[in-house]
2 protein chains.
Amino acid sequence: MATLKDIGIELGLSVATVSRALNGFPEVNARTRDRVRQTADRLGYRPNRIAQRLVTGRSGMVGMIARIQPDMSSDMIFFEMLTGLTAALAARDTDLVFAVDQSDEPVLPYQRLLERGILDGFILNAPVPGDPRVTWLKARGVPFVVHGQDQVQVDYPFYGIDNRAVMVDSVDLLAALGHRRIAFLNGELRLAFANDRLAAFRNAMAAEGLSVPDHFIASDDPSENYGYGRGLAMLSGRLGPRPTAIVCGSTLTAAGVLRAARDLSLNVPGDLSVMAHDDALPKHRATNFSPALTVTRAPMRDACVPLANHLVDHIDGVAAAQLQTLIRADVIVRNSTGPVPEEGKDPWHSTQ
Amino acid sequence: MATLKDIGIELGLSVATVSRALNGFPEVNARTRDRVRQTADRLGYRPNRIAQRLVTGRSGMVGMIARIQPDMSSDMIFFEMLTGLTAALAARDTDLVFAVDQSDEPVLPYQRLLERGILDGFILNAPVPGDPRVTWLKARGVPFVVHGQDQVQVDYPFYGIDNRAVMVDSVDLLAALGHRRIAFLNGELRLAFANDRLAAFRNAMAAEGLSVPDHFIASDDPSENYGYGRGLAMLSGRLGPRPTAIVCGSTLTAAGVLRAARDLSLNVPGDLSVMAHDDALPKHRATNFSPALTVTRAPMRDACVPLANHLVDHIDGVAAAQLQTLIRADVIVRNSTGPVPEEGKDPWHSTQ
DNA sequence: ACTTTGTTCCAAAACGTTTTGAGTTCTGTA
DNA sequence: TACAGAACTCAAAACGTTTTGGAACAAAGT
C-alpha cells in the first residue's frame, strides 16, 4: 500500500504538499500537482480511510442495522433496500457497515456500532411512531436519514412516500366507482407508515361521507396468508356487512385476498374490487396477477439513491430541511377495480 | 467519547499505563488496573477502532460482498447467511462491511474495499471452480474464509458440507429401494458445489452399476419453476425413459417436481420417489411438503458460527489447516421415497 | 534599496491507540 | 547501609493522514 510519504520521497516533496496536491488545494503548482497525480496513479495510491478518519473525523462509512425477526418474511424488503443502498452509497464513495439487532433494546446496536468510532452516520428503516432510535441519535448529534418518517412533522433528513396521499387516492378512486363499503387490510400498526395510513384512510373515508365499521379494518405483517384469512373472513359476511372493495397495504396481501375471492366464487372486479399499494419488489409483480392489480405504486428501489445522497449530503453539512423528500405514489388503474355491483344484484343476494 | 487520555488525566496516569491496564498486561499493579477499569466503565470508554487499526494493523472488521443478480431468487440464501454471519461475528467482537458487486470483474469489489485499508479479511460465498477471488486474495496474503470450496484440495480456511457424501447417501438410499432410473436436478453448474455434486452423482451411480442417460441430468438456478418444468419433461417420457426417482439439489426444486407429479397424477412415493438436499431455510420447510420430503439436511444457519470463528481465528494467526471443516449432511427419510414400482405396474403402463 | 504581495512549498502538530525503551520506586538480601 | 532485582510507571515514537503556521523566493510597487 503506497502512502503519501512514498510519493513524497519519490518526488522529493513533503507529505503536506502531496496531500494538498491530491486534494486539489489551490496553493500548489499545477506542474507539481500533475507530477504528484501521476506518481500516485503509478504507485496505485489510495488514501487510507483509517488515517483520514482519525484526523478529519470522517470515515466515509455509514451503518445500517437489521432487526432479526423470527419470521423472515419482511426481511426480503430489507435486503432489497440494503443492496440498493450499498450500490447507491458506493457512487458517493461511501461504504456500509451492516449489523443485526438481536436484543429488544432498539438503540443498543446503534450505540455499540457508534462507539467503535468508525461511522459517519446511519440509515434507519421501518420507523415506529416516536422512534427511540431517532431521539437517541438526534440527542448526540449523529447524522442519519430515515426511510419514511416517525411522525408527521420532523426535522431530520428522510425520503418516503406520502402515505396520506396513497390512502386518499385509493379511497377516492373506489368511491368514484360507487363503492361505499371499503375495507382496509393494513400493515403492522407498530410501524409509523401503517399508523399514518390508517389515520389517512379514516379521514379519506370520512371526507367521502363513508363509515368504517371496525371489521373493515385489519392490520398485520403483510403476507399472502394474512390477506387470504382476513379477506375470507370479511367476504364471508360472518363479521358483519361485506365490503365491495378492499384496499391492501401490499400486493402480497392482495394476492391472498384474490385467492379468497376465488374460493368464494367472487368475480374480481365484477363482485369485488381489490387494490393495493405496490412497493414493486422484483419478486411480486402486480401485472402478473389475474386480474392485473390496480395499485398505488412507488418502487422501493427508487428510495435507495435519494436516501444515500441525503445521508452523505447531511454528513457533508447540508441542512436537514434541504434533505426531506416526500414523493407521491403513482396511481395505476388495471383490471382489479370496477364499478360497485348494483345493490341486490351482488352474488350474495343472487345466489343465497 | 472518552479516550485513554481522559482516563489517564482523571487518575493521574499516563496513557501507556491505562492502555496496558485495560489490555491485561502483567506489568501493571492490580489496584491500578482496578481503578483504571472502574473509571473506564464510568466514562463509558470504548477503544477507538480507527486508532487501534492504525497502529496494530487490525481493525476488527471483515468484508462480505454480494453479487447482485437480475434474478433475486438465490439472494434470500445470501441474506440468510449475511444476518447469521453478522451475528456470529458480533460474538467475536467483529463488525462486517457489506458491499455489492455490480461489475463482471469478480475481484474488483474486493480490491476496492481492501484498498480502503479498513478490513482484516473477507468471507467468500458461492465459490466457482478455481475461483479468481481465492487466487487474488491468496496472492496478496489477505485472510479469508470460504463457505464451501472452490476445488477438492485447498489450503485455506473453509466450512462446507461434504457434497460427495450427499450424493452417495442419496443414490444409495434410492438404489437400496430398488430404483435404477434415478434423475438429478442439480443447481447451477457454474458453482463449485454443483460441479462436485454432479461428479459425485455420476460416481455413485456407476458404483451402483446404474447408467445415467443425458436427459436424467439437469442443472439450473434452483426454483419451483425449474423443478416443475424439468420434472414434467422427464416424467412425461418425451425425453426418453422415465425416471422412477428424482434427486433435487434444493427443496424448492423438489416442490416443483412434486407439482409436476401431481399434474401427471403420479403418486409420490408410490409411482415416483423424490428427495432433495435441504439447506433448511426458514421459509421452505421440508416437513410441510406433502408428502413430507426425504432429504439430506444441512442447515445453512449452522455454517455461520464456524465460518465467523474460522475467519477470526485465521486473522488471529491460526493456520489454515486447523480451520477446515467439512460436515456430513444428515439423511432424513420421510414419506416422499419408497420402493421402486414393479416393472409393468407403473402408472404409464397401466393407464396408457 | 525597501517594503509589499503572491506563489509555492515545508515542518510540525494533531487524531487515539499500541509498544518500545527507559526510568523510578519498592522489596528483600547481603 | 548498600545493592540487586522485581514491580511498576512513563515519555516518546509510530501508524497515515489533514491542517496550521510559517518560510523561502520572486515579482511588483514605493
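Here is how names work: the chains are called A, B, and so on, in the same order as the sequence lines, proteins then strands, and each is numbered from 1.
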* Please work out if A/G12 contacts a base, only the sugar-phosphate, or nothing of the nucleic acid, heavy-atom cut-off 4.0 Å. => sugar-phosphate
* Which part of the nucleic acid, if any, lies within reach of B/I50 when heavy atoms closer than 4.0 Å are counted: base, sugar-phosphate only, or nothing? -> nothing
Distance, rounded to the nearest Å, where [X] contributes [atom1] and [N] contributes [atom2]:
{"X": "A/E115", "N": "C/dG16", "atom1": "CD", "atom2": "C1'", "result": "16 Å"}
{"X": "A/L11", "N": "C/dT8", "atom1": "CG", "atom2": "P", "result": "16 Å"}
{"X": "B/I118", "N": "D/dG16", "atom1": "CD1", "atom2": "C1'", "result": "15 Å"}
{"X": "A/R116", "N": "C/dG16", "atom1": "CZ", "atom2": "P", "result": "18 Å"}
{"X": "B/F25", "N": "C/dT18", "atom1": "CZ", "atom2": "C1'", "result": "8 Å"}
{"X": "B/L13", "N": "C/dT17", "atom1": "CG", "atom2": "C1'", "result": "16 Å"}
{"X": "A/R31", "N": "C/dT7", "atom1": "CZ", "atom2": "P", "result": "17 Å"}
{"X": "B/D34", "N": "D/dC8", "atom1": "CG", "atom2": "P", "result": "13 Å"}

* **Contact nearer the 5' end of DNA chain D, comparing A/E27 with A/L4** => A/L4
* Structure fact -> When B/V18 and A/R46 are each assigned the nearest nucleotide of DNA chain D, the 5'-most assignment goes to B/V18
N/O (side chain, [X]) to phosphate O (OP1/OP2, [N]) under 4.0 Å:
{"X": "B/Q52", "N": "C/dT18", "result": "yes"}
{"X": "A/S14", "N": "C/dC10", "result": "yes"}
{"X": "A/T56", "N": "D/dT18", "result": "no"}
{"X": "A/N23", "N": "D/dT18", "result": "yes"}
{"X": "A/T17", "N": "C/dC10", "result": "yes"}
{"X": "A/T32", "N": "C/dC9", "result": "yes"}

We want to know whether [X] and [Y] form a side-chain donor-acceptor pair, criterion being a heavy-atom distance below 3.5 angstrom.
{"X": "B/D150", "Y": "B/Y156", "result": "yes"}
{"X": "B/T17", "Y": "B/R33", "result": "no"}
{"X": "A/D101", "Y": "A/Y110", "result": "no"}
{"X": "B/D34", "Y": "B/T32", "result": "no"}

* **Pair of N/O donor and acceptor under 3.5 Å linking D/dT20 base with A/R20 side chain** => yes
Can you tell me which nucleotide in [options] comes closest to the side chain of [X]?
{"X": "B/T3", "options": "C/dG16, C/dT8, D/dT9", "value": "C/dG16"}
{"X": "A/V55", "options": "C/dC15, C/dG21, C/dT18", "value": "C/dC15"}
{"X": "A/A51", "options": "C/dC10, D/dT17, C/dT17", "value": "D/dT17"}
{"X": "A/V15", "options": "D/dT18, D/dG21, D/dA11", "value": "D/dT18"}

* Sequence neighbours left out, what pairs pass salt bridge (charged side-chain N to carboxylate O under 4.0 Å, His left out) with at least one residue falling in residues 16-30 of chain B? => B/R20-B/E27
* **Pair A/F79 and B/F79, ring centroids less than 6.0 Å apart** => yes
